[in-house]
2 protein chains.
Amino acid sequence: MHSFDRTDIQLLRALCTEPRSTVVALAQRLGLSRNTVQARMGRLEETGTFLAFDRRINPVALGYPLTAFIEVHVQQKRLARIVDELARIPEIVQAHGMSGPADLLVRVVCRDADDLFRIDGTILACEGVDRTETSLAMGEVIPFRLAPLLDRAARSG
Amino acid sequence: MHSFDRTDIQLLRALCTEPRSTVVALAQRLGLSRNTVQARMGRLEETGTFLAFDRRINPVALGYPLTAFIEVHVQQKRLARIVDELARIPEIVQAHGMSGPADLLVRVVCRDADDLFRIDGTILACEGVDRTETSLAMGEVIPFRLAPLLDRAARSG
DNA sequence: CTTTTGATTGAGCAATGTGCCCTATCCGGG
DNA sequence: CCCGGATAGGGCACATTGCTCAATCAAAAG
């Protein structure tokens with residue numbers, strides 16, 4: 001892996017508030033040389049600090065205003081095959097294998113309630129899926145964020 | 001809001017596989033003029049198609065290898081106040097208000113199991129929180145993705 | 001059918017940023 | 001004490017950006 005120092009954190013933190021800023025601007029703000037910032041950014045990319053572009057796209061703006069979480073209970077021996085099958089459903093934007101009562105936590109986006117109902121049906125139709133429990137997300141009360149974590153790391157790390 | 005046409009979708013889709021590509025490169029690949037691509041990109045940004053920079057950072061690389069989902073049951077009248085309080089916990093990277101058995105679904109990243117235990121305790125300590133149910137994510141079996149959705153939209157839309 | 005509106009295009013231009021080079025300096029670990 | 005890694009500062013060729021303008025095109029409106 002790769003361990004971060006305070007400078008890396010500050011760099012990432014600055015990008016949180018000013019994602020469009022250029023390397024030169026970043027260097028100025030942090031009081032570093034352009035070379036340094038460029039090198040560190042390169043390293044951050046190489047070491048996998050940045051995720052796929054997908055994550056930058058807002059599903060709501062895309063026309064999928066509804067998000068739901070579906071807990072899926074499966075016959076565990078068939079888990080791998082089921083995951084493959086679920087991966088073919090485009091509305092499933094993410095899925096985690098879970099420890100706990102449910103085996104999978106699937107995150108779904110959809111256009112409306114009917115859409116959700118249909119997708120749930122598709123999941124249930126997979127061989128080895130025993131049961132699903134659907135919960136509709138009423139709102140993202142805390143929007144995805146890492147800034148607070150970075151802030152704390154910058155202060156204490 | 002704003003409605004997308006096929007070109008917007010193709011643009012986003014192209015960026016999924018080649019996030020670093022320049023406007024010129026994009027224009028070439030899509031067979032459009034640079035001006036058009038630039039204009040459309042601008043519109044996409046303005047209309048909120050892109051999310052915060054946070055989402056581009058990989059928590060695992062950041063030193064938080066564990067993700068957990070915590071279902072929180074609360075006294076609903078105090079929901080707003082509780083959310084405010086939860087927002088002060090940096091390890092909570094996201095939270096959804098839910099319809100269904102649980103009131104909140106909180107997404108947490110942590111360094112290890114002890115860390116998770118501590119965070120869960122912090123959540124439980126909030127006034128009005130009745131109960132939590134923690135599930136540890138064993139793995140992201142389907143990594144977050146919108147590409148399949150975009151692909152379908154490009155074909156049928 | 002004609003008009004109008006908006007999107008697209010090609011061209012051009014100044015300013016900026018990028019990628020890459022090299023060297024000197026600084027600091028901590030061996 | 002010396003060495004390696006990181007940093008700063010300078011520089012250079014090139015690509016990209018942001019912006020403007022006029023011409024073209026298509027579809028919707030009159």
Side-chain angles (χ1 to χ4, degrees), chain A residues 1-58 60-63 150-157, chain B residues 1-58 60-63 150-157:
Chain A
M1 186 63 59
H2 172 252
S3 78
F4 296 92
D5 60 12
R6 175 177 244 94
T7 307
D8 285 325
I9 303 290
Q10 288 174 339
L11 216 156
L12 291 171
R13 187 56 185 87
L15 281 170
C16 281
T17 51
E18 205 65 53
R20 315 269 309 147
S21 75
T22 62
V23 175
V24 246
L26 257 182
Q28 282 186 334
R29 186 166 338 151
L30 301 185
L32 299 171
S33 86
R34 180 169 78 91
N35 273 332
T36 305
V37 173
Q38 208 151 325
R40 295 187 98 103
M41 288 292 293
R43 223 179 309 149
L44 289 175
E45 295 220 10
E46 279 173 16
T47 55
T49 304
F50 296 126
L51 297 165
F53 177 81
D54 284 85
R55 275 206 158 78
R56 289 174 64 182
I57 304 180
N58 183 359
V60 176
L62 243 194
L150 290 170
D151 283 337
R152 200 186 51 185
R155 278 197 304 273
S156 65
Chain B
M1 187 64 62
H2 171 255
S3 79
F4 296 92
D5 61 11
R6 176 177 243 94
T7 307
D8 285 324
I9 303 290
Q10 287 174 339
L11 216 157
L12 291 171
R13 187 58 185 86
L15 280 171
C16 281
T17 52
E18 205 65 53
R20 314 268 311 146
S21 76
T22 62
V23 175
V24 247
L26 257 182
Q28 281 185 335
R29 184 168 338 151
L30 302 185
L32 299 171
S33 87
R34 180 170 78 90
N35 273 332
T36 306
V37 173
Q38 208 150 324
R40 293 185 100 102
M41 287 292 292
R43 224 179 308 151
L44 289 175
E45 295 221 8
E46 280 173 15
T47 55
T49 304
F50 296 126
L51 296 165
F53 176 82
D54 283 86
R55 275 203 158 79
R56 290 173 63 183
I57 304 179
N58 184 358
V60 176
L62 243 195
L150 291 170
D151 282 338
R152 201 186 52 185
R155 279 196 305 273
S156 66

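Below, each value reflects all heavy atoms present in this structure, side chains not excepted, and no hydrogens, waters or symmetry copies. Chain letters run A, B, ... following the sequence lines, proteins first and then strands; every chain starts at 1.
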- Note on the structure: Terminal axes of the helix from C:dC1-D:dG30 to C:dG30-D:dC1 (5 end pairs apiece), angle rounded to 10 degrees, sit apart by 40°
- Message: Going by salt bridge (charged side-chain N to carboxylate O under 4.0 Å, His left out), name the pairs with one or both residues in residues 19-37 of chain A, residues two or more places apart or in two chains.
- Response: A:Arg20-B:Glu45
- Considering heavy-atom distances to DNA chain D, does A:Arg20 or A:Ala39 have its closest nucleotide positioned more toward the 5' end? A:Ala39
- Min side-chain heavy-atom separation B:Arg40-B:Arg43 under 4.5 Å: yes
- Give a yes or no answer on whether the side chain of B:Arg6 reaches the backbone of B:Arg155 with a donor-acceptor pair at less than 3.5 Å. yes
- Item | Rounded distance (Å) that lies between atom C1' of D:dT17 and atom CD of B:Glu45 | 13 Å
- Message: Rounded to whole Å, how long is the line connecting atom CG of B:Leu44 with atom P of C:dA7?
- Response: 13 Å
- For B:Ala25 and B:Ser21, which heavy atoms make the closest approach, and how far apart are they? CB-CB, 4.2 Å
- Message: Just the rounded figure in Å: distance from P of C:dT8 to CE of B:Met41.
- Response: 14 Å
- In Å and rounded to the nearest 0.5 Å, what is the CD1 to CZ distance from B:Ile9 to B:Phe4? 6.5 Å
- Expected list for residues 24-38 of chain A near DNA chain C, using heavy atoms below 4.0 Å, is A:Val24, A:Arg34, A:Asn35, A:Gln38
- Query: A:Asp5 has an atom CG; how far is it from atom C1' of D:dG5, in whole Å?
  - Reply: 13 Å
- Taking only residues two or more places apart in sequence or in another chain, which ones pass side-chain hydrogen bond (donor to acceptor under 3.5 Å, both in side chains) with A:Asn58? none
- Distance-only, no hydrogens or angles: does the A:Asp8 side chain make a donor-acceptor pair with backbone N or O of A:Leu11 under 3.5 Å? no
- Euclidean distance, atom CZ of residue A:Phe4 to atom C1' of D:dA6 [Å, nearest integer]: 17 Å
- Message: Please encode protein proximity along nucleotides 23-30 of chain C as a string of B, S and -, counting only heavy-atom distances under 4.0 Å.
- Response: --------
- What residues form a side-chain hydrogen bond (donor to acceptor under 3.5 Å, both in side chains) with A:Ser33, not counting sequence neighbours? A:Thr36
- Message: If I take atom CD1 from residue B:Ile57 and atom CG from residue B:Leu62, how far apart are they, to the nearest 0.5 angstrom?
- Response: 6.0 Å
- Mark yes or no for whether A:Arg56, through its side chain, and B:Leu51, through its backbone, hold a donor-acceptor pair below 3.5 Å. no
- B:Gln10 CD to B:Asp151 CG distance, which is reported to the nearest 0.5 Å: 10.5 Å
